[in-house]
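What follows is a set of notes on a single structure, which appears directly below.
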Amino acid sequence: LRPVVEHEAVSGLVELMDGEARIRLPGLATFDVGRDSTVGARPEPGTGQDEVACFTGSTAGALASLLAGTFPLRAAAVGRESRMLVICGRAAAGKSALAASLALLDPSYWVASDKVVQIDGLGRLLAGASGGVELWPPVAHRLGIESKGAVVRPSLAKRRYELRRFAGTDQPVTALVAFLDIDNRLAEPELHQLVAGREKLQALVSAQWHRRLIAPLGLGLGHLEWASSVARSIPMVRVNRPRQAMTLATVTELVKNAFEAGAIGAAETS
Amino acid sequence: LTGRTVWLASYPRSGNTWFRAVYSAWRTGGPPNLDHLGTIASSRERFDDALGISSSDLTADEVDRLRPRADEVVDMDFGRLHLEKIHDRLSTPGGPEIVSAAATHCAIYLMRDPRDVAVSLAHQNGLSPERAGDMLCDPETAIADRTDDISDQLRQRLGTWSDHVSSWIDSKVIRVHVVRFEDCVADPGSVFSAALTQAGFTVSRQDIAAAVEHASFERLQSVEAAAGFRENRDRQRPFFRRGRPGAWHDELRPEVADRIAEAHREVMGRFGYRS
């Protein structure tokens, strides 16, 4: 049985209304998210559609997925053939940079997303693959693609870079989930396999879009089942690195090796 | 104010981390875990996680407008008073507060002689003392304010040292208790006890004395030397460096010290710092 939520503000920006939701971004726009996963954006007077379109694919899109009963991750996803690598991590940990770096290093890699990733309990990719990655100028410059980006939002300096899309016919399946984190105590990046179920579950929950809305939407049990299944069926690694930008190449190499080696064996130690 | 957040507000390099280490030691009854001293109000992850939005899609001004909403969401996670670090000035003249009044119980404002702040800032950030002195006197001083890149911190407007102090101390919205770093060093047990008690925590002098011992500056230095300190952005420079008042006498050229004292004479005088 799923409790009916009646007009209850449960998060700073989101109001839930009997299965539908509204996100209010004061000064920018209001987004209405329907039960059928439709997202309607209403910019405030003086705000152009081009200033709010990016939210449709991130916060509003993720909320639409959640209302539809899937559990979107704040993550990037890349892959090779039909094997997929999901890259989670704290805000500004370098998820998009790593996704772009992998795709540029090896032309056989495709990119599914760098914002919202939806997988089922067995790690199968549920939503379409976009092929785009958003990067800030210093990272784009380092990767040598600075001049090829498209505007994401006129007010922001970051740009969107179209990389190779998934073009296969099989549904991509997650072979590895990598959690990125910054640890300035380290001289070099380190990679560790996550083994304990609790640790895997905590890492997954922390990467969840709109995680505070899961219980009010009556999705707590379904979420636990989903997260348990993902934690049980997919290898996970944590990659800690110092903040310095020059570690991106090392992180790329570490994660690529773990992913291509089938994750578990190669992921045990850095 | 009905919130449970006690803001531990300070200009950077004013003893905030030491205070939080003592608080952590008091809470756990043992040595502080330097990896888990709590979040800072300007953490990008805290904001994104609380609001379900990617702050990298927002301008710095838009983020500032939404930060109080994030405070309210985070505050609801706690069933009791909790300490949160913050380096932002509370508000710019005529502008709204950067924190949510509804989520706030009160604030502890930790203050340090700005000449010592300049010395510490210079060491920590690899700046000349002159440049650090300039920061303390520049109304536009901010942390993480690049618009062509992002970091794990949201933009934090500091303003001048005097702007920063005044924005908190003279708040009409938030109850603020002032603590001087120099008094913490002179009599840590009494000062930490009084500060936490005034903020609403129920503490005993004995427990605080034990926490002060667990989180003594020397112990923090030795923990950092042995295992590093996660919050330190430059592992080549120790975070816990000297920790004593008056370093500016040895490390600041007189003309730099005089310029800082002149710029902040009024506020310094108000809190007993001789210029």
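Naming convention: chains lettered A, B, ... in sequence-line order (proteins, then strands); numbering from 1 in each chain.
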Report the option among [options] that has the most heavy-atom pairs separated by less than 4.5 Å from atoms of chain B.
options                               : answer
A:Gly94, A:Gly27, A:Cys54, A:Ala207   : A:Cys54
A:Arg153, A:Arg211, A:His210, A:Glu51 : A:Arg153
A:Ala93, A:Ser155, A:Ala92            : A:Ala92

Q: Select all residues of residues 28-43 of chain B having any heavy atom within less than 4.5 Å of some heavy atom of chain A, and report them by number, or 'none'.
A: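 At a heavy-atom separation under 4.5 Å, chain A is reached by B:Asp35, B:Ser43.
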Q. For chain A, which residues of residues 143-152 of chain B have at least one non-hydrogen atom nearer than 4.5 Å to it?
A.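 Within residues 143-152 of chain B, the residues under 4.5 Å from chain A are B:Arg146, B:Thr147, B:Asp148, B:Asp149, B:Ile150, B:Ser151, B:Asp152.
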**Q.** CA sep, side-chain torsions, deciding dist, call: A:Leu28, B:Leu58, side chain to side chain contact (heavy atoms under 4.5 Å, CB included)
**A.** CA-CA 10 Å; A:Leu28 269 175; B:Leu58 298 164; 3.8 Å; yes
**Q.** B:Asp49/A:Arg90 ion pair, N-O < 4.0 Å
**A.** no
(Q) Ignoring hydrogens, what is the shortest heavy-atom contact between A:Ala91 and B:Arg44? Give both atom names and the distance. (A) CB-CG, 3.6 Å
[X] side chain near [Y] side chain, heavy-atom distance below 4.5 Å:
X       : Y       : value
A:Phe55 : B:Ser54 : no
B:Leu66 : A:Leu25 : yes
B:Asp57 : A:Thr59 : no

Q. Relative to chain A, which segment of B:Glu62 carries a heavy atom at a distance below 4.5 Å: side chain, backbone, both, or neither?
A.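 For B:Glu62, the side chain is the part near chain A, not the backbone.
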Q) Heavy-atom distance under 4.5 Å to chain A: side chain of B:Arg65, backbone, both or neither? A) side chain
Q: Tell me the residues of residues 178-185 of chain A whose non-hydrogen atoms fall below 4.5 Å from those of chain B, in number order.
A: A:Asp181, A:Ile182, A:Asp183, A:Asn184, A:Arg185
Q.
By the side-chain hydrogen bond (donor to acceptor under 3.5 Å, both in side chains) test, which pairs, at least two apart or in different chains, include something from residues 67-77 of chain B?
A.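 Matches after skipping sequence neighbours: A:Arg212-B:Asp77, B:Thr5-B:Asp75, B:Arg46-B:Asp71, B:Arg67-B:Asp88, B:Glu72-B:Ser100, B:Asp75-B:His82.
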